[in-house]
Every structure is written in C-alpha cells, then in structure tokens.
Amino acid sequence: MAQLYFYYSAMNAGKSTTLLQSAFNYRERGMTPFILTAAIDNRSGVGKVASRIGLEADAHTFEPKSDVFELVSKHHSEQKLDCILVDESQFLSKEQVSQLTDVVDSLGVPVLCYGLRTDFMGELFEGAQYLLAWADKLIELKTVCHCGRKANHVLRLDEHGNAISGGNQVEIGGNDKYVSVCRKHYKSELNKL
Ligand SMILES: [Zn+2]
C-alpha cells in the first residue's frame with residue numbers, strides 16, 4: 001500500500017541529503033523516482049535539489065498554482081514512477097497536499113515529502129500544516145542547537161547575526177541566514193530584541 005510520508009525538521013538537519021539518498025536507493029534497485037521541488041527556492045538554480053554535503057540531482061518544480069497531481073500523472077503515464085520525492089514541501093499549498101494524497105490513493109505511488117515544520121516566527125508553514133494533518137507517516141529528522149538540545153525552532157538572523165522577529169515568511173535573495181536552535185534559545189534570542 002502506497003503511503004504519504006512527511007519528513008520534517010528545522011533547518012540543516014539533512015533533509016535534502018536524505019531525499020537524494022532515497023532517490024539513489026530507488027535507482028539502484030532499477031526503480032524510477034520523480035523529484036519535485038519548489039520553484040521558489042533558487043538557492044541552487046531552478047529545478048535542482050542540492051545538499052550541503054555536495055550531492056545534487058535535477059528536479060521538476062512546482063509553483064503556488066501548479067496542479068501536482070496533473071504533473072505527476074502525466075509523467076506516470078509515460079514512464080511508470082515508483083515514488084515521488086518532494087523537497088521544500090513546506091511551500092505546498094493545502095490544495096497541493098490534497099493532490100499528493102490523490103497520487104498516493106488513486107495512482108498508488110508513494111509520496112515522500114521533506115520540509116520545515118515551522119517558520120522563523122514559530123508558525124506552521126501551510127504545506128507542513130496539512131502534511132502533519134494528512135500524512136500516513138510522520139518522521140522527524142533531528143538536528144541540534146549549539147547547546148546540544150534538539151533544535152526545533154528556526155531563527156532568522158540579519159547580516160550582523162542579530163535575530164529578526166518579523167517580516168515575510170519567505171525572503172528570497174536576502175542576506176538573511178537561518179539557524180536551528182532549541183526552544184529555550186529561540187525564546188532567549190527573541191527576548192533580547
Ligand atoms: Zn539551545
């Protein structure tokens with residue numbers, strides 16, 4: 001039975017690395033994975049998933065209005081797909097998460113989504129909200145704060161390394177950086193403001 005999986009974490013927990021490893025494992029067994037990522041993420045050029053340890057792979061992209069069921073079923077009819085791997089899945093809309101449940105339930109193809117749970121304000125991303133609600137399996141990928149505790153929050157820092165508490169959920173092309181911290185250090189950084 002195909003299932004919908006959500007691998008979630010804070011920043012820099014190795015989501016893209018895990019996705020690319022999974023794609024490799026499928027290919028090694030002679031199977032065909034289909035990699036999808038958000039067009040919004042231009043860190044590594046449109047249509048690529050790149051990991052911090054140097055692995056990368058070409059990817060199809062989704063935009064806010066893309067019908068991801070259409071996209072997947074079109075490719076699936078030309079070449080049987082064995083799994084769908086979605087990077088940056090926090091950027092999926094509610095509608096697109098629903099379309100991915102149709103990929104699982106109607107096409108019978110497993111879908112593995114990788115993404116952030118919350119933004120730098122501690123709020124759920126839309127994609128994460130519905131994946132948490134509707135996925136069959138939730139898997140947390142862990143990373144650690146500088147203090148050694150599990151990091152479950154993301155801090156946005158300006159170019160001077162100071163925490164930022166407001167602004168757009170997604171800032172493209174800015175000089176801001178994101179770091180993963182535990183809840184205690186997330187709160188203490190924001191309380192300095
Ligand atoms: Zn900490």
Side-chain angles (χ1 to χ4, degrees), residues 3-25 35-38 40-45 48-57 59 85-94 96-97 100 111-193:
Q3 293 196 312
L4 175 62
Y5 300 80
F6 183 34
Y7 292 83
Y8 65 92
S9 71
M11 298 289 286
N12 299 334
K15 288 185 291 295
S16 300
T17 306
T18 309
L19 182 155
L20 292 169
Q21 177 67 51
S22 190
F24 179 85
N25 293 345
I35 304 175
L36 198 53
T37 190
I40 198 171
D41 178 21
N42 54 8
R43 277 181 308 190
S44 49
K48 260 200 192 334
V49 172
S51 74
R52 288 176 303 134
I53 62 169
L55 303 170
E56 62 172 48
L85 300 164
V86 186
D87 202 21
E88 306 290 359
S89 62
Q90 71 272 13
F91 295 132
L92 293 165
S93 65
K94 177 182 181 181
Q96 288 169 331
V97 175
L100 290 175
V111 177
L112 286 65
C113 294
Y114 298 79
L116 298 172
R117 181 165 57 163
T118 55
D119 65 18
F120 70 101
M121 291 174 284
E123 303 289 339
L124 288 171
F125 282 95
E126 184 174 343
Q129 180 183 345
Y130 291 100
L131 285 165
L132 288 168
W134 298 338
D136 299 294
K137 291 259 162 57
L138 302 174
I139 304 103
E140 184 172 29
L141 299 173
K142 296 183 178 72
T143 187
V144 290
C145 179
H146 56 79
C147 71
R149 284 192 188 86
K150 187 176 87 175
N152 44 18
H153 281 65
V154 176
L155 269 180
R156 179 189 276 178
L157 305 176
D158 66 18
E159 67 266 40
H160 307 296
N162 301 312
I164 300 172
S165 65
N168 296 329
Q169 190 174 50
V170 183
E171 203 65 69
I172 302 296
N175 292 321
D176 299 346
K177 285 208 188 71
Y178 297 89
V179 290
S180 294
V181 291
C182 70
R183 183 172 55 228
K184 179 181 165 181
H185 284 113
Y186 176 78
K187 285 184 178 169
S188 64
E189 279 302 316
L190 291 188
N191 284 338
K192 287 185 198 162
L193 298 176

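Both counts, for ligands and for their atoms, begin at 1 and track the order of listing.
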For the pair Phe6 and Tyr8, name the ring-plane relationship: parallel under 30°, tilted 30 to 60°, perpendicular over 60°. tilted
Before moving on, can you tell me the angle at the Zn ion (ligand 1) between the SG atom of Cys147 and the SG atom of Cys182, to the nearest 10 degrees? 110°
Which pair of heavy atoms, one from Val97 and one from Leu92, lies closest together, and at what distance? CG2-CB, 3.9 Å
So which atom in Phe120 and which in Ile164 form the shortest heavy-atom distance, rounded to 0.1 Å? CD1-O, 3.5 Å
Should the pair Phe125 and Phe91 be assigned to parallel (<30°), tilted (30 to 60°) or perpendicular (>60°) ring geometry? perpendicular
For the Zn ion (ligand 1), the nearest N/O/S atom on His185 is atom ND1
Is it true that some N/O/S atom of His146, main chain or side chain, lies under 2.8 Å from the Zn ion (ligand 1)? no
